[in-house]
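Read the structure below first, then the notes.
Quick note on labels: first sequence line is chain A, next is B, and so on, each numbered from 1. For clarity, every value in this text was computed on a predicted model and none was experimentally measured.
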Amino acid sequence: MKLFNSLGRRLQELEPLEPGHIRLYTCGPTVYDRVHIGNLRTFMFEDVLRRTLQFHGYRVTQAMNLTDVEDKIIAAALKAKVDIETFTAPHVGSFFEDLATLRIERVEHYPRATEHVAEMVAMIERLQATGHAYRADDSVFFRIAADQDYGKLSGIDLDQVRRGQRVQSDEYGKEDARDFVLWKGAKEGEPRWPSPWGPGRPGWHIECSAMSQKYLGKTFDIHCGGVDNLFPHHENEIAQSESANCCPQARYWLHSEHLTVDGEKMSKSLGNCYTLGDLLDRGLSARSIRYLLLSVHYRQQLDFTFDKLAEADRALKRVDDMRFRLAHGVEKDNDPARLEQAAGDFETAFAAALADDLNTAAALGALFTFVHEVNGLIDHGLPAGGRTRVEACLGRADEVLAVLDAAAWAESTEAGGGLSDAEIDALVAARSEARASRDFAAADRIREQLSEAGVVVEDARDGSRWKRS
RNA sequence: GGCGACGUGGCCAAGUGGUAAGGCGAGGGUCUGCAAAACCCUUAUUCGCCGGUUCGAAUCCGGCCGUCGCCUCCA
């Protein structure tokens, strides 16, 4: 399996530290608001990675942090006059709901920053002992000048960096403007934890260094996040972890590209910052959102539009229709060779596409080639056992895609239509009788009635069949 | 100013040296009472533009044009 390693910027064969086992760290949400669709794209990419690793037989141990102490959280909690635990709880809840809605698998560990302050303090103390950190007033900073490797991930040369206007009060007391904060002394009214430097709270980057080490070890296999985290967050994580531990933090660094909306970056001022809830409220289905997010390679920017969601729906319908035809398909005493060929080709191409840096677009291409083959076979008669064979292929593919099983997604979007299966069966039977007596006007009236109830009738050679649309 | 990515048919999107996957859409046909679904055919002699390397390039190199991202707490 090959993955594009941001560290070195090249495609590399995945070689686990421990055979058959992948330890994976994925940067999680800052729980100060409901996550938006761009955040979810990254979590989706990480889900595809996780599922693909499992698909290829690896055991996966994954940790995703929940950043539950941070400037925005503190400010918002202060404003709402509640403690940060109370403030973040609903956002943690909605985060897990959104993951479930998109069929993103639960991972093994969701460590929270506020529950790992001791580990962070210990790491900062090590950094201080090795000369990589220094105290200034109530805070502690990382000394970039002491880290020869600094910049190896992002390729950034801080001497060349244009000085921005973003100078924060925290930066007073720094030896060097490039240094970043490890520990912030508490100001009036802020949440605080005890430390050798007095009461305060951790800087942002240190939580991932400390928690990844706790749950995955000093060196683990893969670290993921959105591209925007490449610098400074991941660069700083590497600086902290590797200066403290004298060994690589992660062997492979994977970054997903951004999602834009109507060609522009999402931002609150443009009003294009959608949450999953916003989209569902507009009547869009979670299933088509998952499909759309799968349909573009993770290292490509994905432009999110409602048109594309509608296309995604139609693409899924093609799969659903094939399965519908399959369920009603007749198995004959036909030569199984053609189906075996198609199934084998699909299995090979699908697995190869995913093994090639998670090429989900190519994997879906293989799927549709297979759909086309199976449709042809259904027209000509499936061989014995054909239905089971096809379903097995689709089921296997869906271990990664988690989007093919229409029934599994149905409950959340069930329109109903008001008719029971028995009622529909009766209407379809009545229509068949009308057709048999060539009373097509009556037959069409019934079809129209069913259509209004969201039921589509199809007339096949061996009788009429129906499905809810 | 620094670093990086991208530009493939009407739209979306794979393909990174061997002669353009797939989805959506469109047109024609078969099947059907009519549909629906499916199948068949058609829809890029061509991959932003210009040079170069090569037997051969969408794929490598150089230049240009255009779009986008990051440059200290934004996935």
Problem - Sugar-phosphate, base or nothing in reach of A:Met322, heavy atoms under 4.0 Å - result: nothing
Fill in the blank from the handout: Tightest non-hydrogen contact, residues A:Glu235 and A:Gly151, listed as OE2-N, 3.1 Å
Handout entry: B:A21 versus B:C41 - spacing of their P atoms, nearest Å
Key = 14 Å
Completion exercise
The Watson-Crick or G-U wobble partner of B:C6, with both key distances under 3.5 Å, is B:G66
Exercise for the section: Starting at atom CZ of A:Phe440, determine the distance to atom P of B:C34, rounded to an integer number of angstrom. Expected result: 8 Å
Handout entry: Cationic tip of A:Arg299 above A:Phe45 ring, under 6.0 Å, 45° of axis
Key = no
Fill in the blank from the handout: Assert: residue with more 5' nearest nucleotide on RNA chain B, out of A:Asp303 and A:Asn39, is A:Asp303
Practice task
For A:Lys265, report the nucleic acid contact type (base, sugar-phosphate, nothing); a contact means any heavy atom under 4.0 Å.
Solution key: base
Exercise for the section: Considering only atom C1', compute the distance from B:G18 to B:C6 and round it to an integer number of Å. Expected result: 25 Å
Exercise for the section: Please determine, by modelled atom types, if A:Asp71 and A:Trp204 share a side-chain donor-acceptor pair under 3.5 angstrom. Expected result: no
Handout entry: Pair A:Trp183-A:Arg135, side-chain contact (heavy atoms from CB on, under 4.5 Å): steps then yes or no
Key = CA-CA 9 Å; A:Trp183 184 263; A:Arg135 185 172 181 176; over 6 Å; no
Practice task
Taking only the side-chain heavy atoms of A:Gln300 (C-beta and beyond), determine which of B:C6, B:C70, B:C34 contains the nearest atom.
Solution key: B:C6
Handout entry: C1' atoms of B:G25 and B:G63, separation to the nearest Å
Key = 38 Å
Practice task
For B:C55 versus B:G62, give the span between their C1' atoms, rounded off to a whole number of Å.
Solution key: 22 Å
Problem - A:Asp321 bridged to A:Lys467 by N-O distance under 4.0 Å - result: yes
Practice task
Indicate, with a heavy-atom threshold strictly under 4.0 Å, whether A:Val457 touches base, sugar-phosphate, or nothing.
Solution key: base
Nucleotide N/O of nucleotides 19-24 of chain B paired with protein N/O under 3.5 Å:
| from | atom 1 | to | atom 2 | distance (Å) |
| --- | --- | --- | --- | --- |
| B:G23 | N2 | A:Glu311 | OE1 | 2.9 |
| B:C24 | O3' | A:Arg314 | NE | 2.9 |
| B:C24 | O2' | A:Arg314 | NE | 3.4 |
| B:C24 | O2' | A:Arg314 | NH2 | 3.0 |

Exercise for the section: Figure out the OH/P separation between A:Tyr150 and B:C71, and round it to whole Å. Expected result: 12 Å
Distance-only check: which donor-acceptor pairs under 3.5 Å involve side-chain atoms of residues 306-315 of chain A, not counting sequence neighbours?
| from | atom 1 | to | atom 2 | distance (Å) |
| --- | --- | --- | --- | --- |
| A:Lys308 | NZ | A:Asp303 | O | 2.8 |

Handout entry: Under 3.5 Å on both distances, the Watson-Crick or G-U partner of B:G17
Key = none
Exercise for the section: Identify, between A:Ser154 and A:Arg435, the residue whose nearest nucleotide on RNA chain B lies closer to the 5' end. Expected result: A:Ser154
Practice task
For A:His233, report the nucleic acid contact type (base, sugar-phosphate, nothing); a contact means any heavy atom under 4.0 Å.
Solution key: nothing
Exercise for the section: Calculate the interatomic distance between A:Asp313 atom CG and B:C12 atom P; express it in whole Å. Expected result: 19 Å
Practice task
Determine whether any donor atom in the side chain of A:Arg447 lies under 3.5 Å from an acceptor atom in the base of B:A35, or the reverse, and answer yes or no.
Solution key: yes
Exercise for the section: Describe the nucleic acid contact of A:His297 in one word from base, sugar-phosphate, nothing, applying a heavy-atom distance below 4.0 Å. Expected result: sugar-phosphate
Exercise for the section: Test for a donor-acceptor pair under 3.5 Å between the base of B:C34 and the side chain of A:Asp459, counting only N and O atoms. Expected result: yes
Practice task
Under a 3.5 Å limit for both distances, which nucleotide forms a Watson-Crick or G-U wobble pair with B:C47, could you say?
Solution key: none
Practice task
Ignoring backbone atoms, establish whether A:Lys184 has a side-chain N or O less than 4.0 Å from OP1 or OP2 of B:C73.
Solution key: no
Handout entry: Whole-Å distance separating the CD atom of A:Gln301 from the P atom of B:G69
Key = 7 Å
Exercise for the section: Please state the P separation for the pair B:A58 and B:C49 - nearest whole angstrom. Expected result: 11 Å
Problem - Side-chain N,O (A:Asn359) to OP1/OP2 (B:A14) below 4.0 Å - result: no
Exercise for the section: Using the side-chain contact (heavy atoms from CB on, under 4.5 Å) rule, pick out the option among A:Gln213, A:Met211, A:Gln249, A:Met64 that qualifies with A:Tyr25. Expected result: A:Met211
Handout entry: Separation of B:G69 P from A:Arg41 CZ (nearest whole Å)
Key = 14 Å
Exercise for the section: For A:Asp307, answer base if it contacts any base atom (sugar-phosphate contacts may also be present), sugar-phosphate if it contacts only those atoms, and nothing otherwise; contact means non-hydrogen atoms under 4.0 Å. Expected result: nothing
Problem - Protein-nucleotide distance (A:Leu302, atom CG; B:C68, atom C1'), rounded to Å - result: 14 Å
Practice task
Name the nucleic acid region contacted by A:Leu40, choosing base, sugar-phosphate or nothing; use a 4.0 angstrom heavy-atom cut-off, strictly under.
Solution key: nothing
Practice task
Determine, for A:Phe96 and A:Arg106, whether the Lys NZ or Arg CZ falls below 6.0 Å from the six-membered ring centre while staying within 45 degrees of the axis.
Solution key: yes
Completion exercise
As its Watson-Crick or G-U partner within any shown strand, both distances under 3.5 Å, B:G56 has none
Exercise for the section: Could you state the atom-to-atom distance from CG of A:Asp228 to C1' of B:G4 in whole Å? Expected result: 14 Å
Exercise for the section: Using Watson-Crick or G-U wobble geometry with both distances below 3.5 Å, tell me the partner of B:C39, or none. Expected result: B:G29
Problem - Nearest-Å distance once atom P is located in both B:U46 and B:G9 - result: 12 Å
Exercise for the section: Sticking with atom C1', work out how far B:G10 lies from B:C40, rounded to a whole angstrom. Expected result: 23 Å
Exercise for the section: Taking atom C1' in both B:A57 and B:C39, compute the distance separating them and give it to the nearest angstrom. Expected result: 36 Å
Problem - Residue-phosphate contact under 4.0 Å: A:Lys467 side-chain N/O, B:A37 OP1/OP2 - result: no
Handout entry: Least distance between heavy atoms, A:Ser94 atom then A:Arg34 atom
Key = OG-CG, 4.0 Å
Practice task
With the side chain of A:Glu458 defined as its heavy atoms from C-beta on, choose the nearest nucleotide among B:A36, B:G69, B:A14.
Solution key: B:A36
Contacts table for residues 368-376 of chain A: side-chain donor-acceptor under 3.5 angstrom, sequence neighbours left out:
| from | atom 1 | to | atom 2 | distance (Å) |
| --- | --- | --- | --- | --- |
| A:Thr369 | OG1 | A:Gly365 | O | 3.0 |
| A:Asn375 | OD1 | A:Arg325 | NH1 | 2.7 |
| A:Asn375 | ND2 | A:Val371 | O | 3.4 |

Problem - Length of the line joining A:Arg465:CZ and B:U32:P, which is rounded to integer Å - result: 15 Å
Handout entry: A:Asn236 versus A:Gln240, side-chain donor and acceptor atoms under 3.5 Å
Key = no
Exercise for the section: Scan A:Gly38 against the nucleic acid and name what it touches under 4.0 Å (heavy atoms): base, sugar-phosphate only, or nothing. Expected result: base
Exercise for the section: Just call it for A:Arg445: base, sugar-phosphate, or nothing, with non-hydrogen atoms closer than 4.0 Å on any strand. Expected result: nothing
Exercise for the section: Please state whether the base of B:C11 and the side chain of A:Lys308 form at least one donor-acceptor pair under 3.5 Å? Expected result: no
